[in-house]
Amino acid sequence: MSDRKIIANCTLATPLGNSAKKGKEMKELRVLHDAFVFIEDGIIKATGQMQDLEILGLSGTADWIDAKGRVVLPGFVDSHTHLVFGGFRPDEFEWRLKGDSYMSIMQRGGGIQSTVNATRETSKEDLVRRAEWFIDRMVEMGVTTVEAKSGYGLDLDTELKMLEALDELAKKEDKKIDLIATFLGAHAVPKEYEGRTGEYCDFIINEVLPKVKDKAEFFDIFTEKNVFEIEDSRRLLQAAKDAGMKLKLHADEIVQLGGAELAAEMGAVSADHLLHVSDEGIARMAEAGVVATLLPLTAFALKEPYAPARKFIDGGCAVALATDLNPGSCFSGSIPLTIALACIYMKMSIEEVITALTLNGAAAIGLADSIGSVEPGKKANLLILDFDNINFLPYYVAMNCVNTTIWHGKTVYERKEIR
Ligand code: NIG
Ligand code: FE
């Protein structure tokens, strides 16, 4: 017997399609009142209006979940996180509050290097256990797919340990989320290679890449002034591309360096952060179809200006939103605050925000054909909100509106109802 479920009496709100929505298309949600979603063995088989259930011969054949008019959305895709790491860095946050800058702390040997030291000391089992704690919080906020990066090892053994931890999380029997792994060996130049960036690039290309290329979907790099500048970045990205990996970049995060232009030149799937992107970079990304993954929590936590979301959307780009959860620049995985910042400060409409957190997030990790929208053939990853109107998402400021999270057709989180 197949496992059949009907989510009945819902307000279904979803983007449609199997690829990223660009520019104006981002606001085109399908909103259907008195709707149902029919799920069989974890896959969405049909959607429509309640009155059509009988005609389709579907009523009475499945378990019912009565949504009582509330909104059903696709599960959120958090397409940029650093979920696996050892230690914490609360002192750095305090230094920053007192006026220190993210890059000056990094240049003194703190920042990423401090988490590298801690991660090298942490066992794989502990990395898995710590990551699961964060995953539980994500599931409560409606995340059904998460991308997670290595990049706190910066030596072969620890990079492999991080990727193995991600693989274990992905294979857990009782898991509640899908994971996509990214190799971020080019996150910083580790202290052993201080002043020898070129040699560290050689090490990544010759010693690490061949051993990790089949253990991660994506290659990512921190393209930044005094970290990996354009020439080193191009060389690393080309090597990763030659090894068959798909590309992502941390681009134009702290200063404008031409990271967006490089992402377009290299045919990256996404360029992320982009707080200081140039107009030229936006135009090139739109032309090349690179997803702009914007991370407002990081801008908020670093007290930096937000990425120019409107320029990206009005310039015809596909924008995704993600949390950037990490122990340094952004120790937060808050989807509700991401939504609030995107609507209030980045001037995105709630329809654009929903597309950015679902279908475009899926596109940013190469999965737009199987997740990111509620339509037949896609995985049954969906959310029931507490309310009957999508405008509650920004209006209930920075608060969680997710009542139920359904992953592969299974209820993996459920909260008490409001009434
Ligand atoms: O996305 N900027 C580089 N990487 C992370 C921060 C990592 C850290 O501070 O530990 C980011 O902001
Ligand atoms: Fe990041």
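Read the numbers this way: they start at 1 and go in the same order the structure lists the ligands and their atoms. These numbers come from a predicted model, not from an experiment.
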Fill in: Asp155-Thr158 side chain donor-acceptor pair, cut-off 3.5 Å
yes
Worksheet item: Backbone or side chain, does His250 get an N/O/S atom under 2.8 Å to the Fe ion (ligand 2)?
Response: yes
Polar pairs, ligand 1 vs protein, N/O only, below 3.5 Å.
| residue | atom | partner | partner atom | Å |
| --- | --- | --- | --- | --- |
| ligand 1 | 1 (O) | His82 | NE2 | 3.4 |
| ligand 1 | 1 (O) | His250 | NE2 | 3.0 |
| ligand 1 | 1 (O) | His273 | NE2 | 2.8 |
| ligand 1 | 1 (O) | Asp324 | OD1 | 2.9 |
| ligand 1 | 1 (O) | Asp324 | OD2 | 3.0 |
| ligand 1 | 2 (N) | Glu253 | OE1 | 2.8 |
| ligand 1 | 4 (N) | His187 | NE2 | 2.8 |
| ligand 1 | 9 (O) | Arg89 | NH2 | 3.0 |
| ligand 1 | 9 (O) | Tyr102 | OH | 2.5 |
| ligand 1 | 9 (O) | Ser329 | N | 3.3 |
| ligand 1 | 10 (O) | Arg89 | NH1 | 2.7 |
| ligand 1 | 10 (O) | Tyr152 | OH | 2.6 |
| ligand 1 | 12 (O) | Glu253 | OE2 | 3.0 |
| ligand 1 | 12 (O) | Asp324 | OD2 | 3.2 |
| ligand 1 | 12 (O) | Ser329 | OG | 2.7 |

Practice prompt. For residues Gly281 and Ala260, report the shortest heavy-atom separation together with the two atoms involved.
Written response: CA-CB, 3.8 Å
Worksheet entry | Under 3.5 Å side-chain donor-acceptor pair for Glu121 and Asn117 | no
Practice prompt. Classify the side-chain pair Glu261/Ser278 by whether it contains a donor and acceptor separated by less than 3.5 Å.
Written response: yes
Worksheet item: Can you tell me if an N/O/S atom from Asp324 lies under 2.8 Å from the Fe ion (ligand 2)?
Response: yes
Discussion item. Regarding Thr182 and Lys248, do their side chains bring together a donor and an acceptor under 3.5 Å, going by distance alone?
Written reply: no
Worksheet item: Do you see a donor-acceptor pair shorter than 3.5 Å between the side chains of Arg137 and Ser334?
Response: no
Worksheet item: If we only count heavy atoms from C-beta on, is the Met162 to Thr119 side-chain gap below 4.5 Å?
Response: yes
Worksheet item: Can you name the N/O/S atom of His82 that is nearest the Fe ion (ligand 2)?
Response: NE2
Fill in: N, O or S from His273 under 2.8 Å to the Fe ion (ligand 2)
no
Fill in: His276 versus Gln256, side-chain donor and acceptor atoms under 3.5 Å
no
